[in-house]
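Shown next, in structure tokens, is the structure this report addresses.
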Amino acid sequence: MGRRILHYEAAVQALGWEIRTYRLVMIERRLITVSGVVQGVGFRPFVLGLAVRAGLSGFVGNDGDGVFIEIEGPTEAIERFVATLAAGSPPLARIDGMTVGSVPVRGGTGFEIVPSMAGTGRAVLVSPDVRTCDDCLRELSDPTDRRYRYPFINCTNCGPRFTITIRTPYDRPQTTMAEFTMCGDCRREYEDPADRRFHAQPNACPACGPRLWIEGGVGSGDAIAETRELVAGGSVVAIRGVGGFHLACNAFDGDAIAALRERKGRIDKPFAVMAGDLDTVRLHTLVDDHEERLLTGRERPIVLLRKREGSGLAHQVAPGIDRLGVMLPYSPVHELLLQPGDVWVMTSGNLGGEPIVTGIEQARRQLSRLADAFLMHDREIHVPVDDSVVRSHRGAELPVRRSRGYAPFPVRLPVEVGPVLAVGGELKATFCLARGRDAFMSQHIGDMENLETLEAFERAVRHVKGLFRLEPERVVADLHPGYLSSRWAEGLGLPVTKVQHHHAHVASVMAENGVTDPVLGFSFDGTGYGTDGAVWGGEVLVCDFDGFERVAHLAYVPLAGGDASIERPYRMALSHMRSAGVAWTEGLPPVSACPPDELSLLARQLERGLGTVATSSMGRLFDAVASLVGVRHRVTYEAQAAMELESLAAGAIAPPAFAFTVDDRQRPWLIETSGLIAEIASDRSAAAAKARSFHEAVAEMIAHVALRACRETGLDTVGFSGGVFQNALLLYLVVDRLESSGLRLLTHTVVPPNDGGLALGQVVIGG
Ligand code: ZN
Ligand code: ZN
Ligand code: FE
């Protein structure tokens with residue numbers, strides 16, 4: 001079927017009629033479907049080029065499942081075509097699946113790209129937004145090019161994708177570029193298979209594409225030059241970018257940054273910066289090879305780098321910590337705005353705790369109090385996407401926030417799941433929609449503590465559902481009865497599975513490492529609802545995707561007045577001291593930090609247990625120690641005390657002077673902190689040395705518990721998850737102690753260890 005003999009190819013000697021060879025050429029036609037990231041990445045042009053070069057006829061198109069190809073010609077050529085298709089696809093493409101089947105031969109000549117079809121099958125993958133490619137950068141700076149200094153230059157290999165995609169299949173009418181009609185020149189490029197912009201959906205030029213303008217400038221007419229002038233003069237400019245607005249100001253200008261902090265109500269939470277080029281980054285931070293690759297990669301995340309002290313950047317950028325979040329320009333607008341030597345604060349344009357602002361009107365309304373001027377453009381942002389944040393850990397990527405450049409790229413699951421939605425936790429909310437082995441982790445949405453974020457969450461769920469034609473049949477949520485996300489999940493009318501927070505953390509690190517067999521998991525974070533109603537956070541679990549057993553945990557101490565004790569680490573220190581039998585002696589840092597009235601109130605509260613809840617939180621222990629060594633008594637942002645403690649410890653060398661004790665007379669083992677607290681309280685070393693010793697002690701305890709629990713349970717794999725493992729120093733010290741133990745160590749390289757990665761674990765447990 002589907003075959004016919006086209007001709008006998010006979011080579012006949014002209015004279016003598018001697019037949020030298022016979023060759024039978026079989027003509028066949030095949031239907032090939034390709035799934036994965038194959039739309040918006042130049043896949044169809046690639047197929048066309050391949051087919052034309054091989055002399056094959058047929059067509060290629062996008063549908064809701066990916067790309068379909070019909071190809072006709074000699075068997076051998078078809079087979080070569082299929083092999084090249086799989087091996088040599090374009091840089092941004094990722095093939096997840098391919099089917100090849102025979103169909104009846106139709107004859108015909110030539111190969112063409114046919115219009116997209118809707119399709120109704122499996123998920124088509126949408127490419128994340130990609131930084132400007134080198135070819136486009138060259139044209140951007142070439143005075144003879146028709147796109148010289150055009151702020152929206154892009155091609156098949158670069159430009160906006162996810163943020164402009166309204167629905168799939170990914171084609172111009174389905175994106176926010178639909179409203180721009182291509183001019184003749186752009187149209188020609190778009191239709192020319194030999195052109196770099198062949199079927200580049202966001203293709204545009206100064207004659208036909210989006211434009212840039214400034215509001216609140218001086219009226220010189222050059223929006224880029226005016227923005228540069230304003231920033232240089234100390235103004236804050238709201239810049240509409242790829243996934244939303246940034247608030248920008250000069251990172252050398254302490255007054256400008258102080259003004260921005262004042263207006264944003266952001267007291268000392270670090271700002272990220274954008275530097276003009278890599279050399280500029282090197283002037284202000286210490287960058288190793290791996291960090292350089294992270295900085296210059298196509299995702300262009302914010303990379304947390306070690307500061308070079310005294311480099312001239314204003315200390316207000318990231319006070320109190322030794323790291324600086326740095327990114328390089330990733331859109332043509334940024335490329336035009338920042339020159340070598342420039343460093344600008346670039347922080348998400350939003351009101352405290354709310355989602356990033358994307359719309360022009362919304363920005364005029366909500367950001368006018370924060371910004372002196374607006375750099376606007378008219379390419380609509382359909383999907384709000386914040387900048388991603390990563391650290392480097394032993395030559396691997398340690399994600400802190402997985403968003404632009406990464407979302408909505410799926411995470412490959414080690415198990416099959418039904419159509420399922422996992423709604424994550426509360427802080428750093430992300431959700432995960434999954435089916436089969438594809439887990440679509442959403443972009444970072446924000447802290448789910450207000451209506452605006454919940455609405456953004458709902459919108460994002462709707463969008464991703466539509467994009468991947470994925471209708472969940474069940475929903476997974478955190479066990480915490482008070483989480484907005486959990487309550488929202490219950491209102492969906494679908495079967496709900498509740499998953500314990502720390503179990504989900506360990507499952508997430510298992511899933512991204514492809515592990516399904518039981519592991520020993522260290523799940524250390526600030527807060528998670530425990531099955532006994534306590535606030536968990538220092539948990540050692542034996543678990544797989546079906547269940548968990550609590551093997552060990554930090555001994556409970558009272559958390560007095562929930563939020564108050566989270567915002568004021570000295571309260572946690574005082575609670576730990578009291579539990580450890582350490583007197584609240586005048587002169588000890590937490591005692592001095594606590595106002596006298598509060599001190600006596602707290603004493604009564606702890607005594608009677610009124611308004612307190614038991615906690616085994618490792619995050620709160622870091623807070624307590626930060627206060628105890630005098631580093632930080634009040635925090636203005638999440639994990640501030642722990643980050644400052646890590647910064648201090650990273651610069652110090654000290655022996656492990658403190659130790660936890662493990663009480664193994666019962667299951668779960670109790671990891672006692674009283675000895676450690678007493679030691680730290682009486683130690684007379686400098687704060688940095690104590691901070692370092694504390695980190696060493698935590699690492700030592702982890703190694704001890706890991707070795708012992710693995711020996712007893714026969715497990716050979718240990719996972720590390722939870723926000724505490726965003727602490728690269730701690731992770732380093734732990735791996736250092738365990739890497740020669742023969743145990744397999746699982747750390748995060750795909751999703752964040754913090755609650756931003758929680759939904760992935762929820763999916764594999766509940767799906
Ligand atoms: Zn390009
Ligand atoms: Zn044009
Ligand atoms: Fe957590």
Side-chain angles (χ1 to χ4, degrees), residues 40-42 90-92 127 129-141 145-147 150 152-161 172 177 180-191 195-198 200-211 298 330-332 335 424-430 447-448 478-480 483 485 499-509 521-530 535-539 541 566 615-620 638-639 642 720-726 748 751-762:
V41 294
L92 301 187
S127 166
D129 304 280
V130 180
R131 66 107 178 165
T132 316
C133 75
D134 294 341
D135 289 331
C136 285
L137 285 181
R138 251 189 308 278
E139 292 173 350
L140 188 67
S141 60
D145 193 277
R146 70 188 191 90
R147 291 192 182 82
Y150 178 55
F152 303 95
I153 189 170
N154 67 80
C155 72
T156 324
N157 300 320
C158 77
R161 294 289 186 277
R172 191 162 172 121
M177 283 300 291
F180 299 95
T181 308
M182 272 185 267
C183 68
D185 287 335
C186 286
R187 171 64 59 189
R188 259 189 300 283
E189 294 166 336
Y190 185 85
E191 287 170 355
D195 197 280
R196 203 173 87 244
R197 297 195 167 85
F198 182 55
Q201 308 305 344
N203 190 25
C205 79
C208 67
R211 57 188 195 93
R298 70 179 191 225
Y330 56 84
S331 81
E335 298 282 356
E426 181 164 68
L427 297 179
K428 305 179 170 67
T430 60
D447 294 342
M448 290 269 273
D478 194 276
L479 199 60
H480 199 300
Y483 280 1
S485 62
V499 173
Q500 202 281 324
H501 192 93
H502 302 93
H503 183 200
H505 271 311
V506 181
S508 76
V509 78
F522 287 82
S523 201
F524 287 179
D525 64 2
T527 300
Y529 192 76
V535 175
W536 289 12
E539 313 308 312
L541 313 173
I566 293 171
T615 185
S616 54
S617 166
M618 181 58 90
R620 296 289 86 78
E638 204 229 342
F720 302 96
S721 191
V724 167
F725 290 104
Q726 220 165 275
H748 283 283
V751 300
N754 61 47
D755 288 2
L758 206 63
L760 184 68
Q762 292 177 338

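Read the numbers this way: they start at 1 and go in the same order the structure lists the ligands and their atoms.
Using a 30° and 60° split on the angle between ring planes, Phe524 and Phe725 fall in the parallel class, below 30°. Below 30°, between 30° and 60°, or above 60°: for His505 and His502 the angle between ring planes is between 30° and 60°, a tilted geometry.
With the Zn ion (ligand 2) at the apex, Cys205 SG and Cys183 SG define an angle of roughly 100° (rounded to 10 degrees). If you put the vertex on the Zn ion (ligand 1), SG of Cys158 and SG of Cys136 sit 100° apart, to the nearest 10°. Rounding to 10°, one obtains 170° for the angle at the Fe ion (ligand 3) between OD2 (Asp525) and OD1 (Asp755).
Of all heavy-atom pairs spanning Ser508 and Ser721, the tightest one is OG-OG, 3.8 Å.
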_Using the rule given for side chain to side chain contact (heavy atoms under 4.5 Å, CB included), can you reason through Glu426 versus Thr527, listing the C-alpha separation, both sets of side-chain angles and the distance that settles it, and then say yes or no?_
CA-CA 10 Å; Glu426 181 164 68; Thr527 300; over 6 Å; no

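No side-chain heavy atom of Ser141 sits less than 4.5 Å from a side-chain heavy atom of Glu335.
Put simply, His502 stays out of reach of the Fe ion (ligand 3), with no N, O or S atom under 2.8 Å from it.
Atom NE2 is the N, O or S atom of His501 at the shortest distance from the Fe ion (ligand 3).
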